[in-house]
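This report concerns only the one structure given below.
Nothing fancy with the numbering, it's 1 onward along the sequence.
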Amino acid sequence: MDVIYFIFQQTMFFTIPLLIVALGGMFSERSGIVNIALEGVMTMGAFVSILFLNITGDFMSGQLQLILAILIAMLTGVIFSLPHAYAAINMKADQVISGTALNMFAPAFAIFIARIIQGVQQVEFNNTFRITSVPVLGRIPVLGQLLFANTYITTYIGIIVLIVSTIVLYKTRFGLRLRACGEHPQAADAAGINVYRMQYAGVIISGALAGLGGLVYVVPTSTNFNATVSGYGFLALAVLIFGQWKPIKILYASLFFGCLKAVSAAYSGIPFLNALGIPSYFYKMIPYVATLVVLIFTSKNSQAPRASGVPFDQGAR
C-alpha cells in the first residue's frame, strides 16, 4: 500500500499544475485567443514567486508565505500575458508568433535578473509548505493517506480551480458570452457583447492560472528554480487538446499525463520499475512520447472553438 500511496501522491504533484495551466489555456481559447505562451507565463510566474520565497525565507515560512507567493504568481501571469493580449486583440498579430516571443523572452529574463541579484541563475527556497497530515481528515482510512497526507495546499487549490472553472464556463452569463466569442464572435458582437473585452478577460484568466501553475509545478517537486518548467506549458497545451477544451475531460487528460510524468520522475521509488534496470532517460521520454502518440490519434477528431486563433474584426460581418 505504501507504494500505491507514493505513486498517487507523486501523480497529484504533477497532475495539479497541468490541470491548472490547461484550464487557463481553455479560457483563452474559448474566447478566441490561442495562448501558446503558457510555457513562458509559467516560467515568469514561477520565477517571480520563487524569488519572493527566496527573499522572504529568513523571516517568513509556512502556508501564509505560500499563499502570498500564489497571489504574486497569479499577478505576474496576468501582467506578462497582457502584451500577448494587446498584440492578438488590438494589433491583430499572429497569435502563435506573439506567444512564441513570450516563450523565448521569459527564461532569458529570469536568468538575467537572477544573475544580477544573486550571481547565479538558480533561485533556491526553503520548502516549509508540505502538510504531513491534515487534522482529522488525515486519519480517514485509505482516503486520508491518499488525499490528506504528505500533501500541499496547492492540490486543493487545483481542485477548487476545476470546480469554479466548470461552474463559470457552463453556469454563468460570463461563461456563455465567452464561449460565444470563441465560436462566432461576429454573432456575439451583433448581440451586443463586447468581444474585445471578453477576449481580454479570457487571456487575463489564462495568465493568472498559468502563472499559478508555474509555482504549483515547482514547489512540491523541488527546492530551487532554474529558469525552466521543463516544457510543462507545452504539455498543458496537449492536455487541453486531448481534453477537448472541456474542464472534466481536461481533468482526465491531466491525470493520464500526470501519472506518466510521476513514473518518469519517481521510478526509482517504485520497486518493480527500479528492479528492471531500464536507463533513466527512457522513463524521462515517456510523457513526451505519449503526448505525440495521443495527439496523432486524437487531433483529427479535435473540435477546437471555431474562431480560436482568428483575429476578430468588428467591422467584418
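Taking the six-membered ring where the residue is Trp, Tyr232 and Phe14 present tilted rings, their angle falling between 30° and 60°. Using cut-offs of 30° and 60° on the angle between ring planes, the pair Phe148 and Tyr156 is parallel.
Under the 3.5 Å distance criterion, the side-chain polar atoms of Thr128 are matched with a main-chain donor or acceptor of Gly62. Judged by distance alone, the side chain of Gln65 and the main-chain N or O of Phe129 form no donor-acceptor pair under 3.5 Å. At distances below 3.5 Å, not a single donor-acceptor pair connects side-chain atoms of Ser206 with backbone N or O atoms of Gly202. Checking side-chain atoms of Thr151 against main-chain N and O of Ile131 turns up no donor-acceptor pair under 3.5 Å.
Side-chain atoms of Asn90 and Tyr200 form a donor-acceptor pair, as typed in the model, at a separation below 3.5 Å. Checked by atom type, the side-chain pair Asn224/Gln122 shows a donor-acceptor distance below 3.5 Å.
Between Ala22 and Val239, the closest heavy-atom pair is CB-CG1, 3.8 Å. Of all non-hydrogen atoms in Val123 and Leu51, the two that sit nearest each other are CG1-CA, 4.0 Å.
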* Asked: Please walk me through it: do Asn54 and Glu124 pass side chain to side chain donor-acceptor pair (under 3.5 Å)?
  -> CA-CA 6 Å; Asn54 175 276; Glu124 298 182 350; over 6 Å; no

* Should Phe80 and Phe105 be marked as a side-chain contact (heavy atoms from CB on, under 4.5 Å) after you check the CA-CA gap, both sets of side-chain angles, and the distance that decides it? -> CA-CA 10 Å; Phe80 192 66; Phe105 174 82; 3.6 Å; yes

* Go through the steps to decide whether Met60 and Leu68 satisfy the test side-chain contact (heavy atoms from CB on, under 4.5 Å), and finish with yes or no. => CA-CA 11 Å; Met60 285 186 71; Leu68 291 176; 3.5 Å; yes

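Summarising the geometry, atom CG belonging to Leu53 is positioned 9.0 Å from atom CG belonging to Asn127; distances are rounded to the nearest 0.5 Å. A distance of 9.5 Å separates CE in Met26 from CG in Leu19, rounded to the nearest 0.5 Å.
Around atom OH of Tyr170, more than 12 heavy atoms belonging to other residues, nucleotides or ligands sit under 6.0 Å away.
Put simply, the residue from Ile241, Leu240, Asn35 that forms a side chain to side chain contact (heavy atoms under 4.5 Å, CB included) with Glu29 is Leu240.
For Tyr152 and Phe13, the gap between ring centers is short of 6.0 Å.
Annotation: side chain of Leu209 is in contact with side chain of Val161 (closest heavy-atom distance under 4.5 Å).
Both Val229 and Ile157 are part of a single hydrophobic cluster, where members link through side-chain heavy atoms under 4.5 Å apart.
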